[in-house]
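Scroll down for the structure; my scribbles are underneath it.
First the proteins, then the strands, lettered A, B, ... as listed; each starts at 1. These numbers were taken from a predicted model, which means no experiment stands behind them.
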2 protein chains.
Amino acid sequence: MTFREIFERFASRYLPGNQSDAALLRYQSLARAIEAKPDSPVRLDENCDHLAFVCCGATKLVAHASGGREQIVAFHFPDELVVVPARAEHAYTLSSVKGSELLVFDYQELLDLARNDPLVLRMLLDCSRKSLIRCRNKSLALGRKTAAERVASFLAGMAVRIGMPEDDCVFLDLPMSRRDIADSLGLTVETISRQITQLRSLDIVSTVGKSGVRIDDLRGLEARAGYLIASG
Amino acid sequence: MTFREIFERFASRYLPGNQSDAALLRYQSLARAIEAKPDSPVRLDENCDHLAFVCCGATKLVAHASGGREQIVAFHFPDELVVVPARAEHAYTLSSVKGSELLVFDYQELLDLARNDPLVLRMLLDCSRKSLIRCRNKSLALGRKTAAERVASFLAGMAVRIGMPEDDCVFLDLPMSRRDIADSLGLTVETISRQITQLRSLDIVSTVGKSGVRIDDLRGLEARAGYLIASG
DNA sequence: CGGCGGCCTTGATCGAAATCAAGGCAGACC
DNA sequence: GGTCTGCCTTGATTTCGATCAAGGCCGCCG
């Protein structure tokens, strides 16, 4: 894809339709297109925040702690926005999970340009609010849920975000590896594997190759996800 | 404190100074003051998001999972804003940790009123970005850090937020109980207690009564916090 | 003053997930 | 077709923090 195509996709989705050509050009001049290869972190200036638009593929936002430990803090899919924070006590890197095309902005520059544009500000606010809710749900899972519940809520969440309805079930083509799932759920690959095996033996999911997961019993999956239902 | 006083404190901190009296009144008409007693959740309509301004005291935002399990997702101190999400797969409640005075808005109503006010929107965006960063750091801690590291980073974080410098150390008067700390760090009270005991025996902190913690060796504390330093 | 009731601390044991250690499987390349 | 390599699965053992079970401390109130 060309830079123009990527930028246009971003603009049509996230910039208000009434922008003048000049305004669009100003946004365009702040953007940088990046083609990200699987698992290699996107090189960004660590001293400032960035905003990335995922045009195609899938990305992971990774938080780094001492000793090389990594926690995936969020996955992002096409047409979504990610805020990548500057380095502080911890470093954050954005990586592709499967090969992606991204459009990257310096967050502050973008905000300065949009400083008086309520539509753009509301869009940013909305994206930030959604990320915050996802992150809080993840904190709950990491802090208080069992391995079985984490895997179930992960799959149920993916079903909503990238599931393809099929007969009376949902098919998932997971772009991320078992290792990525483990790093996202605060578990190990072995535990992920065992949990998926167990879901299979309960006829809740079936697997197709390494990346295909068909959710045969979404209710059953949600029932193991630790969600609050009625009296919870 | 009277409603007026609380609202004025909020307005002076978060509403741009150039607002007309009429505009201020519109904001004021959306606000509700609430006096929150320790540990009893603030009653809010679960069907919509809310924004709360903590005027005094300290609050916790609690996420609820099945089986009565709770995870504290964020603490908030005076002059801070919290977004309390509507109920979905999980419920979120805001409680006081020590007795607080709050100003509460329906988030959507507030956003509608501020829809064309870039200054207010930027303020909301900024508050949302800060919460997101804290929440991501918490996810990293919950997913990948040991009990010792979680307690150390908790104390180091509190030192920044509510610490009182004193000689060459920092004094903390923790408003929350051990149980709250445990629910925030995804651990148990017993583990918190043991970790603090260990920090005491390493001369990194000393404790004064139940709520007082003096950080005698901030470097030492940070060194155990799992932060990324240089080569990490 | 004494006894009561919350928290907090400490110790002993248990258990869920990590770690260690083999295989198994499938796509890539010769 | 073979074999190589990376990812995934399965099994055996270990470990960190949870759980279970006593006490200790302190403020509160009679």
Does the dG6(D) base have a donor-acceptor partner in the side chain of Arg178(A) within less than 3.5 Å? no
Check the orientation of Tyr14(B) and Phe53(B). Use parallel for under 30°, tilted for 30 to 60°, and perpendicular for over 60°. perpendicular
Provide, to the nearest angstrom, the distance between the NZ atom belonging to Lys98(A) and the P atom belonging to dG6(D). 20 Å
Nearest to the Glu190(B) side chain among dC7(C), dT10(C), dT9(D), which nucleotide is it? dT10(C)
Take atom NZ of Lys210(A) and atom C1' of dG27(C), then tell me their distance rounded to the nearest Å. 8 Å
Indicate, with a heavy-atom threshold strictly under 4.0 Å, whether Arg150(A) touches base, sugar-phosphate, or nothing. nothing
Within this structure, what is the NZ-to-C1' distance between Lys145(B) and dG17(D), rounded to whole angstrom? 18 Å
Quick one: on DNA chain D, does Gly209(A) or Leu187(B) contact a more 5' nucleotide (nearest heavy atom)? Gly209(A)
Ile192(A) near the nucleic acid: base, sugar-phosphate alone, or nothing, with a heavy-atom cut-off under 4.0 Å? nothing
Going by modelled atom types, is there a donor-acceptor pair between the base of dT9(D) and the side chain of Arg179(A) at under 3.5 Å? no
Among dT9(C), dG17(D), dT9(D), the nucleotide that comes nearest once only the side chain of Arg200(B) is considered: dT9(C)
With a 3.5 Å distance limit and no angle check, can you tell me whether Glu70(A) reaches the backbone of Ala65(A) through a side-chain donor-acceptor pair? no
Would you say Ser128(A) and Arg129(B) are linked by a side-chain donor-acceptor pair, where the criterion is simply a distance under 3.5 Å? no
How close or far is atom P of dC16(D) from atom CD of Glu149(B), stated in whole angstroms? 12 Å
Reckon Thr191(A) touches a base, only the sugar-phosphate, or nothing at all at heavy-atom distances under 4.0 Å? sugar-phosphate
Could you work out which one of dA21(C), dC7(C), dA17(C) sits closest to the side chain of Thr146(A)? dA17(C)
Starting from P on dC16(D), measure out to CZ on Arg144(B) and report it in whole angstrom. 16 Å
Does a nitrogen or oxygen in the side chain of Arg194(B) sit under 4.0 Å from OP1 or OP2 of dA18(D)? no
Distance, rounded to the nearest Å, where Asp39(A) contributes CG and dG6(D) contributes P: 13 Å
Is it the case that the ring center of Tyr227(A) lies less than 6.0 angstrom away from the ring center of His90(B)? yes
Any chance the side chains of Lys60(A) and Ser96(A) put a donor and an acceptor closer than 3.5 Å? no
Gln198(A) CD to dT9(D) P, in whole Å, measures 14 Å
For Ile196(B), which contact category applies under a 4.0 Å heavy-atom criterion: base, sugar-phosphate, or nothing? nothing
Donor-acceptor pair, Arg200(B) side chain versus Gln195(B) backbone, under 3.5 Å? no
Which nucleotide in dT19(C), dA17(C), dG17(D) has an atom nearest any side-chain atom of Thr188(A): dT19(C)
dT10(D) phosphate, OP1 or OP2, under 4.0 Å from Thr197(A) side-chain N/O: yes
Roughly, in whole Å, what's the span from CG in Asp180(B) to P in dG6(C)? 17 Å
